[in-house]
Chemist: 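Have a look at this one.
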Amino acid sequence: MTPDPHVTPPVALRDPRIVMRLERLGSFHQSRLSFMRILTRRMTREHWQFSRPVFQIDDHGVGHAVYCAHTPHRTYSLVAFAHDLPAEKRSDRVIAEAWDSTFTLFDGVPTADDIDRLRRNIPVQEAGRVTQAELSVSRANRSVRLWEHVVSRLAAGQQPDVAEIAKVGYLMRTTAVYGSGKLGAADREAIANRPEFSAPFQVEMLSVFLTRTYVRDLAQHMANARGGEAAVTLDPAIARRIGIGNSTGLGMAPFLINHPVLFNNWITARETAIARVRSLPNASGAEVAKFRDLLARSVVSADLWGSAHPIQVEKLDQLRPDLAKLRDHADTADLSSDTPWDRLMCWAEQQLGIDAQECLASLILEPYGMLVDDLADQMSDRSTDHFRINGSQSLGELKTHLQSVYGWATQLDWAQKPHCARAWYVSEEKLEPRLGERFEEPIADYEQPLAPGRDAAALMAALQDWPDDQPVAAFLLREPLHRHMVRRAQIVANAPYSEIRDNTISADLLPIDMLRCKLAFFGAIHFDPRSDRWVRICLYGNAPYPEDLQSSPEEWPYPPLDAALP
Amino acid sequence: MTQSLNEIEALAKKAARGAGKAWGMAEEAGKATRVLSDLGLNGAAALVDLLGRNDGADHGAIAPQGTASPWSSASGTLCPVAAGALLSDCAGQLEGGAIEIQDVSHPVLLAPFVAMAAGHLGRPIMLSWVGGKVAADGAAVWLDDPNQRLSSFEPMTLTCALGQAGQGAPLAAMGRGRIDGATWDALNRFAGRTYAPATELSRQLGAGAGNSDND
């Protein structure tokens, strides 16, 4: 059943003009090709071993610990520093300067000298420097409410209340996980050839996986210190429900625009997987049963998904009945013959909202690991030649191509305020991307190139006076302002899913759409927007701990049916 | 202190933008500085000096005046990033003959574009001057520069043409940068011009604050 990746499936990939709209990208769900699941599959398949050689944390929760992941050929170590953070200093904003715990993923096993060096640099995060021996730098803060609940219950000899855990979902949330050379850490290019890091963001996902174990252990340690003989051990089944939270702000949104080839490769992999499954003529009883089971658990998952944000509340108000409708349809429909998955997807396009359509698109991949999991290896960006502009391309060819990809952008009057109300910029204060109001704040001079639609429209206007037979090189020599956009346009010619086909500076832009898309590829569920520009999520909720990997099914993101709220 | 190549590229790009380059040109400057740092050449120092000399300069004054050889600028001194970008854009032109690049300052910044062009053409390219040359075949770069002219910041005239791969050992890729503190600080100063000064409004609006993030 291993497919030939060079054979185009009979059912075509979905059109980028449909897929690459913000509303749809902002409705993506995790799938087999999400980065957390790629990692847990590999850890299980390769029988990674785990150890905790150091846990030197005192009764006040101050000290450090080392957690090692042993792959068949290498060892990676999470070095965790535990701090006693005064409540008034606890903030998830990137402008924070202190955290409950700080981390780095070390390439190998750190020596005592390494630990000393890291102790001077990791707790201060952005104010420190690391070396090529460090693969990531991150930090996490407690959920004050759930932390106290869990620690005090365990200290008193009782298990925590699962309803309380369901409300928050995590004991600690990360507020930034830096990789890829940030703060001096190893470049992605330096480790990209290692099989365990061939898929995107595997360093970051491994760091968070180990962080979750550390957080569980730290809570137990604090409960033991407080309760002494009376303390009990956290029930593993309850521990399993606890994930790692994450607060994600605007810093992540421009990533998708700034890494067009990488973004294209993520979407292409998922769309190719969807097309392969839609192209199947039949489905076996076991495949259909697995789909129905995970659909039922998706209904439970949507019920457990809480958010107070009006936009998300509205989305959930449509998603929940849509999934129930899908479940009812799938219970009775013939899913065994006559290209069942393609028919189901077509039915969904007519009957369901976009959120449920995308949930279904991810769900139909679940029974077909043998058919789609190989695509994980195509999700990184290994090419280096897309940077170079092809200056010999004729302007006529460029114009035709621009019209086909960015034609939508020429329909907008970019001088109208609602179409260019926003501007992306980097603030002097914390060097982080922000989104501002172009006509209310003095930011236009500092605008980042994150509006491809507007820039493509401007490029097309500038090209009008140039003859078609002239080469791109001659145009760019006179018009350097368009160089950035020409590069993008040439990239999208070979990478059709690289470009968002929507206005990224309009008055009604919702940056959380971009955040959700990226976080769904990480494997996050239960997106909880806290405003239109930052979102809370939970990573590894219901996931196996290191010692559970071999005994756990790989569909761990789907909650068990009995997890439903009463 | 060593730097990752990703942070060098990102900072050099911002610095070039801060000195008035268009974003697309700033991207070229960032990439060139990264490649040079990887090869152990001091591209960052050359870039800092270049940005200082050409601060806010009009592209038309410092770029080649046309695509046909020889290349020269209206101002008299060619910008190596502008010339390098054109060289990369016009790589195919080398198959029709050599390109003379006249009076280009900070010539070391041309080298990455020679490598990029060689990679595109799939054949070796040579950049030569009186007493020295750089050769690139798309995979490796060779430097033959006994008088250390390439690392000079002063203008010189070079010829770029199809050629042979270099002899002996190519420049070794270091995988890290070793940029001194003064140069790093200077890059940061130029980069700082791309950051918007914080206002109370931007603090309130820009990052979506206002909601408590503790629970």
Side-chain angles (χ1 to χ4, degrees), chain A residues 90-94 129 131-132 143-145 168 180-190 247 249-250 385 387-392 425-429 431-432 434-437 440-443 446 449 471-474 476-478 480-487 530-534, chain B residues 1-10 14 17 21-28 31 38 59-60 63-67 82 85-93 113 116-117 119-120 138 175-176 191-199 201-203 205-215:
Chain A
R90 186 172 292 111
S91 169
D92 285 10
R93 297 285 303 281
V94 76
R129 286 288 296 177
T131 71
Q132 64 266 48
S143 161
V144 176
R145 184 163 47 128
V168 179
S180 296
K182 276 271 207 140
L183 311 176
D187 281 304
R188 164 147 181 88
E189 291 79 357
S247 275
L250 281 177
D385 50 354
F387 178 80
R388 179 185 169 271
I389 288 176
N390 173 13
S392 64
Y425 68 99
V426 174
S427 82
E428 188 176 45
E429 203 165 40
L431 310 186
E432 277 289 311
R434 286 183 175 172
L435 185 63
E437 303 295 329
E440 295 170 30
E441 302 173 71
I443 51 174
Y446 303 97
V472 161
L476 289 179
L477 190 56
R478 296 281 168 268
L481 287 177
H482 295 291
R483 188 171 185 85
H484 170 80
M485 192 57 227
V486 168
R487 194 184 328 268
R530 311 289 284 191
S531 82
D532 66 347
R533 47 194 85 180
W534 68 284
Chain B
M1 182 173 92
T2 68
Q3 297 89 9
S4 74
L5 299 178
N6 280 331
E7 62 183 343
I8 291 171
E9 179 173 353
K14 282 192 283 189
R17 174 64 182 170
K21 303 270 184 220
W23 277 114
M25 291 304 300
E27 289 158 0
E28 307 287 349
K31 187 67 77 181
D38 190 17
H59 182 80
Q65 297 173 82
T67 57
L86 184 63
L87 182 65
S88 169
D89 290 356
C90 297
Q93 201 172 309
F113 299 99
M116 217 184 300
H120 171 66
R176 297 287 288 185
R193 299 182 188 173
T194 66
Y195 309 139
T199 64
L201 185 66
S202 71
R203 283 190 198 106
L205 295 177
N211 288 326
S212 165
D213 50 17
N214 276 320
D215 60 17

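Remember, predicted model here, so these are calculated numbers, not experimental data.
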Chemist: Partners of A:P442 by side chain to side chain contact (heavy atoms under 4.5 Å, CB included), sequence neighbours excluded?
Modeler: none
Chemist: Can you tell me which portion of A:R487 sits under 4.5 Å from chain B's heavy atoms? Options are side chain, backbone, both or neither.
Modeler: side chain
Chemist: Pick from B:G60, B:A191, B:S88: which one has the most heavy-atom pairs with chain A under 4.5 Å?
Modeler: B:S88
Chemist: What part of B:A82 lies closer than 4.5 angstrom to a heavy atom of chain A: side chain, backbone, both or neither?
Modeler: neither
Chemist: Atom OG1 in A:T131, atom CZ in B:R176: separation rounded to 0.5 Å?
Modeler: 6.5 Å
Chemist: Would you check if B:E28 and A:F387 make a side-chain contact, meaning some heavy-atom pair closer than 4.5 Å?
Modeler: yes
Chemist: Between the side chain of A:E428 and the main-chain N/O of B:Y195, is any donor-acceptor distance below 3.5 Å?
Modeler: no
Chemist: Quick one: which of B:T194, B:N6, B:I8, B:T67 has the most heavy-atom pairs under 4.5 Å with chain A, could you say?
Modeler: B:N6
Chemist: Is the backbone of B:S4 close enough, under 3.5 Å, to the side chain of A:D187 for a donor and an acceptor to pair up by distance?
Modeler: no
Chemist: Using a 4.5 angstrom heavy-atom cutoff, name the option from A:A474, A:S180, A:A190 with the most pairs to chain B.
Modeler: A:S180
Chemist: Taking only residues two or more places apart in sequence, or in another chain, which ones meet A:S392 in a side chain to side chain contact (heavy atoms under 4.5 Å, CB included)?
Modeler: A:N390
Chemist: Which heavy atom in B:P64 sits nearest to a heavy atom in A:R478, and how many Å separate them?
Modeler: O-NH1, 4.3 Å
Chemist: What part of B:A91 lies closer than 4.5 angstrom to a heavy atom of chain A: side chain, backbone, both or neither?
Modeler: both
Chemist: Identify which part of A:L183 has an atom lying under 4.5 Å from any heavy atom of chain B, answering side chain, backbone, both or neither.
Modeler: backbone
Chemist: Under a 4.5 Å heavy-atom cutoff, which of A:A473, A:P471, A:P449 has the most pairs with chain B?
Modeler: A:P449
Chemist: Can you find a pair of side-chain heavy atoms, one from B:L86 and one from A:L477, that are under 4.5 Å apart?
Modeler: yes
Chemist: What distance do A:L481 atom CG and B:M25 atom CE have between them, rounded to the nearest 0.5 Å?
Modeler: 11.0 Å
Chemist: Would you confirm whether A:R129, through its side chain, and B:T2, through its main-chain N or O, come within 3.5 Å as a donor-acceptor pair?
Modeler: yes
Chemist: B:L5 versus A:E189: any side-chain heavy-atom pair under 4.5 Å?
Modeler: no
Chemist: Would you give the length of the straight line joining atom CE of B:M116 to atom CD1 of A:I389, rounded to the nearest 0.5 angstrom?
Modeler: 9.5 Å
